[in-house]
Engineer: 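First the structure, which I've put down as structure tokens, then a few questions once you've had a look.
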Amino acid sequence: MPAGLGRLAGSGPARSDELPGLLDRLRRLPDPRRLRSRRHPLSYVLALAACAVLAGAKSLTAIAEWVADAPGQLLLGCGATLRDPDRPYRAPSEATVRRVLQRIDGDALDAAIGDWLTARADASRAADQDEHPPSGPVREAIAVDGKSLRGAIRTDGRRVHLLSALRGDGIVLAQREVDAKSNEITAFRPLLDPLDLTGAGVTFDALLTQTDHAKFLVEEKGAHYIAVLKGNHPTLHALVKDLPWKDVPLMDRTRTPAHGRDEIRRLKAVTVPRLPFPHAGQALQIVRRRRTVRTGKVSLERAYAVTSLTAHQATAADLAERVRGHWAIEVRHEALRFRTGVRDPRRPVVAAAG
């Protein structure tokens with residue numbers, strides 16, 4: 001199943017007045033089929049596939065079977081054309097559905113569905129803010145995260161790997177397929193370049209902590225960043241790790257019991273002049289203590305990060321919320337990858353879109 005359609009699996013049911021917006025976006029996609037073989041419009045086939053996924057279909061086979069059983073009124077609503085007045089509207093065949101979904105431009109489909117989902121979420125959020133206005137200015141939180149699709153394998157045996165930019169509410173703003181995890185670095189800028197990131201706080205893991213990325217976000221996009229440090233920046237990592245953290249007061253502590261675990265997170269932040277990383281103003285220490293309730297086993301993890309947000313631009317609570325949000329988004333992203341990468345039982349290997 002193309003990853004773009006998989007994104008619909010986690011969204012809520014669509015109202016009838018929202019579907020024309022989706023159809024309009026699907027009509028703009030390039031058709032991968034030869035002109036002679038286009039019995040049904042591309043947007044019609046894709047709209048039916050989208051409805052199937054929204055209804056719970058999780059494979060190419062399930063999508064095709066759902067489409068075959070779709071009632072005439074729904075076919076009409078998705079853009080069916082009446083070729084013969086004496087015959088009912090026709091659903092595309094299973095072969096047509098498979099051919100379209102396997103050949104469609106995955107990035108273009110991702111963008112179309114992402115735009116629609118974002119528009120839905122924005123409308124809902126605007127309505128909610130009208131009812132409950134925020135107490136202060138809202139700085140958008142965006143997490144950049146890469147994951148390999150479970151069960152989605154190319155014909156050459158390689159797993160499909162995606163780099164995504166996700167908003168704090170779980171909406172995927174942009175998504176690109178990359179050849180391998182190491183290529184996340186080169187995909188970072190093309191992924192974020194089309195987005196309006198003005199004033200946003202962008203979080204990412206250590207692999208994407210690159211000087212060019214920091215300059216791009218702050219100098220070109222007008223955004224801020226929180227960048228995790230590990231061994232790929234050994235000098236900077238050692239410098240931040242060796243700061244006198246024992247002398248820095250604890251600035252935020254949260255406790256979350258869930259899924260049979262009790263987790264405590266502590267955050268310290270300190271302003272460090274002339275950090276050797278573009279626009280970095282503060283260094284962070286994040287400590288996660290997890291205890292498994294059933295066994296009593298305790299694990300402790302220390303992570304370090306730098307951020308372009310100064311102490312005047314973000315409180316410790318703000319920073320802690322963004323770090324927690326990134327972890328939560330990673331978990332949600334993993335769930336989405338699992339849903340998106342379900343294998344088609346009739347094909348032992350399914351080539352993903354793109």
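Computed over heavy atoms, backbone and side chain alike; hydrogens, waters and symmetry mates excluded.
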Engineer: How about Ile286 and Glu301: do any of their side-chain heavy atoms sit closer than 4.5 Å?
Structural biologist: no

Engineer: Can you give me the closest heavy-atom contact between Ala317 and Asp252, atom names plus distance?
Structural biologist: CA-OD1, 3.8 Å

Engineer: Work out which heavy atom in Arg25 is nearest to a heavy atom in Trp116; give both atom names and the distance.
Structural biologist: NE-N, 3.5 Å

Engineer: Yes or no on side-chain contact (heavy atoms from CB on, under 4.5 Å) for Arg289 and Glu263, after CA distance, side-chain angles and deciding distance?
Structural biologist: CA-CA 6 Å; Arg289 181 186 181 276; Glu263 181 168 326; over 6 Å; no

Engineer: Listed by chain and number, what are the salt bridge (charged side-chain N to carboxylate O under 4.0 Å, His left out) partners of Glu220, not counting sequence neighbours?
Structural biologist: Arg189

Engineer: Quick check: closest heavy atoms across Leu191 and Pro194, and the distance to 0.1 Å?
Structural biologist: O-CD, 3.5 Å

Engineer: Are the side chains of Arg33 and Val100 in contact, using a 4.5 Å heavy-atom criterion?
Structural biologist: yes

Engineer: For the hydrophobic clusters of this structure (ILVMFWY residues joined by side-chain heavy atoms under 4.5 Å, transitively), does one cluster hold both Tyr304 and Val202?
Structural biologist: yes

Engineer: Mind checking what makes salt bridge (charged side-chain N to carboxylate O under 4.0 Å, His left out) contact with Arg28, not counting sequence neighbours?
Structural biologist: Asp24

Engineer: Identify whether Val287 and Leu250 are in the same connected component of the hydrophobic contact network (ILVMFWY, side-chain heavy atoms under 4.5 Å).
Structural biologist: no

Engineer: If you look at every heavy atom in Val97 and Val45, which pair is closest and at what distance?
Structural biologist: CA-CG1, 4.2 Å

Engineer: Mind running side-chain contact (heavy atoms from CB on, under 4.5 Å) on Val144 and Leu163 for me, showing each step along the way?
Structural biologist: CA-CA 7 Å; Val144 180; Leu163 182 67; 3.9 Å; yes

Engineer: Do Val323 and Leu319 belong to the same hydrophobic cluster, where Ile, Leu, Val, Met, Phe, Trp and Tyr are linked whenever their side-chain heavy atoms lie under 4.5 Å apart, directly or via other members?
Structural biologist: yes

Engineer: State which residues pass side chain to side chain donor-acceptor pair (under 3.5 Å) with Thr209; sequence neighbours excluded, sorted by chain then number.
Structural biologist: none

Engineer: Keeping Lys221 on the side-chain end and Leu195 on the backbone end, is there a donor-acceptor pair under 3.5 Å?
Structural biologist: yes

Engineer: Give a yes or no on whether the backbone of Thr198 and the side-chain of Asp196 come within a donor-acceptor separation of less than 3.5 Å.
Structural biologist: yes

Engineer: Are the side chain of Thr315 and the backbone N or O of Asp318 linked by a donor-acceptor pair below 3.5 Å?
Structural biologist: yes

Engineer: Please enumerate all residues that pass side chain to side chain donor-acceptor pair (under 3.5 Å) together with Ser299, with sequence neighbours excluded.
Structural biologist: none

Engineer: Working to the nearest 0.5 Å, report the span between CG of Asp145 and CD of Glu184.
Structural biologist: 7.5 Å

Engineer: Sort and list the pairs that fulfil side chain to side chain donor-acceptor pair (under 3.5 Å) and have at least one residue in residues 225-242, not counting sequence neighbours.
Structural biologist: none

Engineer: List in chain and number order the residues that pass salt bridge (charged side-chain N to carboxylate O under 4.0 Å, His left out) with Arg255, two or more places apart in sequence or in another chain; answer none if no residue qualifies.
Structural biologist: Asp262

Engineer: What distance separates Leu75 CG from His40 NE2, expressed to the nearest 0.5 Å?
Structural biologist: 9.5 Å

Engineer: Do you know the tightest heavy-atom contact between Leu29 and Ala112?
Structural biologist: CD2-CB, 4.0 Å

Engineer: With rounding to the nearest 0.5 angstrom, report the CG to CZ distance, Leu300 to Arg291.
Structural biologist: 14.0 Å

Engineer: If every non-hydrogen atom of Leu42 is compared with every non-hydrogen atom of Pro30, which pair is closest and at what distance?
Structural biologist: CD2-O, 3.5 Å

Engineer: Atom CG in Leu192, atom CZ in Phe216: separation rounded to 0.5 Å?
Structural biologist: 5.5 Å

Engineer: In Å and rounded to the nearest 0.5 Å, what is the CG to CG distance from Asp69 to Leu74?
Structural biologist: 11.5 Å

Engineer: Find out whether Val248 and Leu243 are in side-chain contact, i.e. whether some heavy atom of one side chain is under 4.5 Å from a heavy atom of the other.
Structural biologist: no

Engineer: Given 3.5 Å as the limit, does a donor-acceptor pair link the side chain of Lys268 with the main chain of Trp245, or not?
Structural biologist: yes

Engineer: Check the pair Arg176, Ser164 against side chain to side chain donor-acceptor pair (under 3.5 Å), reporting the backbone distance first and the verdict last.
Structural biologist: CA-CA 6 Å; Arg176 293 178 71 91; Ser164 304; over 6 Å; no

Engineer: Once ring-ring contact (aromatic ring centres under 6.0 Å, His included) is applied, what residue pairs with a partner in residues 95-114 remain, sequence neighbours excluded?
Structural biologist: none

Engineer: Any side-chain heavy atom of Ile226 sitting closer than 4.5 Å to one from Leu284?
Structural biologist: yes

Engineer: Evaluate Leu197 against Ile142 for side-chain contact (heavy atoms from CB on, under 4.5 Å), listing each step before the verdict.
Structural biologist: CA-CA 9 Å; Leu197 301 179; Ile142 297 172; 3.4 Å; yes

Engineer: Who pairs with Arg261 by salt bridge (charged side-chain N to carboxylate O under 4.0 Å, His left out), at least two apart in sequence or on another chain?
Structural biologist: none

Engineer: Sequence neighbours left out, cut at 3.5 Å: what donor-acceptor pairs do the side chains of residues 269-282 make with other protein atoms?
Structural biologist:
from	atom 1	to	atom 2	distance (Å)
His279	NE2	Glu219	OE2	2.8
Gln282	NE2	Leu309	O	2.8
Gln282	NE2	Thr310	O	3.4

Engineer: Walk me through it: do Leu162 and Lys147 pass the test side-chain contact (heavy atoms from CB on, under 4.5 Å)?
Structural biologist: CA-CA 6 Å; Leu162 297 175; Lys147 286 289 185 294; over 6 Å; no

Engineer: State plainly whether one hydrophobic cluster holds both Tyr89 and Leu26, where clusters connect Ile, Leu, Val, Met, Phe, Trp and Tyr through side-chain heavy atoms under 4.5 angstrom apart.
Structural biologist: yes

Engineer: Side chain to side chain contact (heavy atoms under 4.5 Å, CB included) with Leu35: which residues, sequence neighbours excluded?
Structural biologist: Arg38

Engineer: If you measure from CG on Leu217 to CD on Gln210, what distance do you get to the nearest 0.5 Å?
Structural biologist: 12.0 Å

Engineer: What residues, two or more places apart in sequence or in another chain, satisfy ring pair (Phe, Tyr, Trp, His ring centres under 6.0 Å) together with Phe188?
Structural biologist: Phe204, His213

Engineer: List the residues meeting side chain to side chain donor-acceptor pair (under 3.5 Å) with Thr211, not counting sequence neighbours, and say none if there are none.
Structural biologist: none

Engineer: When you measure from the side chain of Asp105 to the backbone of Ala108, do you find a donor-acceptor pair of N or O atoms at a distance under 3.5 Å?
Structural biologist: yes

Engineer: Are the side chain of Trp66 and the backbone N or O of Leu48 linked by a donor-acceptor pair below 3.5 Å?
Structural biologist: no

